[in-house]
Amino acid sequence: MSLKKSEFSEKEKDDIRTLMKFVGIYCREHHNGEKIPFSFKLFDIREIEKKEVSLCPDCTRLLTYGLTMRMKCPHDPKPMCKKCETQCYHGDYKARIREVMKFSGIYMVKHGRVDMLYHYFC
Ligand SMILES: [Zn+2]
C-alpha cells in the first residue's frame, strides 16, 4: 500500500484529525504514565495534523488500528460507522473506540461548544 499526502481527500483528513483528537483527549483524561508522540508508519501524520498528540502505549495501538481501518475503508463516501455494513472494528477495539468517541464527544461539547450549552441551560 502506498499512501501519499496528495491521495487524501479532505474528508479523509478530517476523519484522521478527528480520530487523533478524540483518542488524544481520552488518553489525557484517563491515563497517566509515560506517553510518546504519536507517529504512523503509513504516512507522515504531521502533513495532516500539525499539533502533536502524545499517547500511552494502549491508546497508540487503538489510534493506529483506527487510522489503518480508516485508510482501508472500501466505501466512498464513508458512511457513519454504526450504519456501515463492513464493521471494521472488531472485539475489544470496537468497545474501546466507542467509549473514546462517547467520552471525547461529551468532553468537546462541554469545553468547546459553550455557546450551545448556553443556549440549552439559560
Ligand atoms: Zn491512553
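Whatever order the structure lists ligands and atoms in, that order sets their numbers, starting from 1.
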request  = Heavy atoms only: give me the nearest I48-R17 pair and the separation to one decimal.
outcome  =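 Shortest heavy-atom separation between I48 and R17 comes out as O-NE, 3.1 Å.
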query = Quick one: angle C59 SG - the Zn ion (ligand 1) - C56 SG, to the nearest 10°?
reply =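 Centred on the Zn ion (ligand 1), the SG/SG angle is 110° (to 10°).
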ask   = Can you give the angle H31 ND1 - the Zn ion (ligand 1) - C27 SG, rounded to 10°?
value =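 The two atoms subtend 120° at the Zn ion (ligand 1).
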inquiry  = For Y107 together with F22, are the ring centres under 6.0 Å from each other?
reply    =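 Not close enough - the centres of the two rings lie 6.0 Å or further apart.
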message = Using ring centroids (six-membered ring only for Trp), state whether Y65 and Y89 fall under 6.0 Å.
response =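 Yes, ring centres under 6.0 Å apart.
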query = Can a donor-acceptor pair be found between the side chains of R98 and Y93 at a distance below 3.5 Å?
reply =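 No donor-acceptor contact under 3.5 Å links the two side chains.
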query = Does the shortest distance from the Zn ion (ligand 1) to an N/O/S atom of H30 fall below 2.8 Å?
reply =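 No, outside the cut-off.
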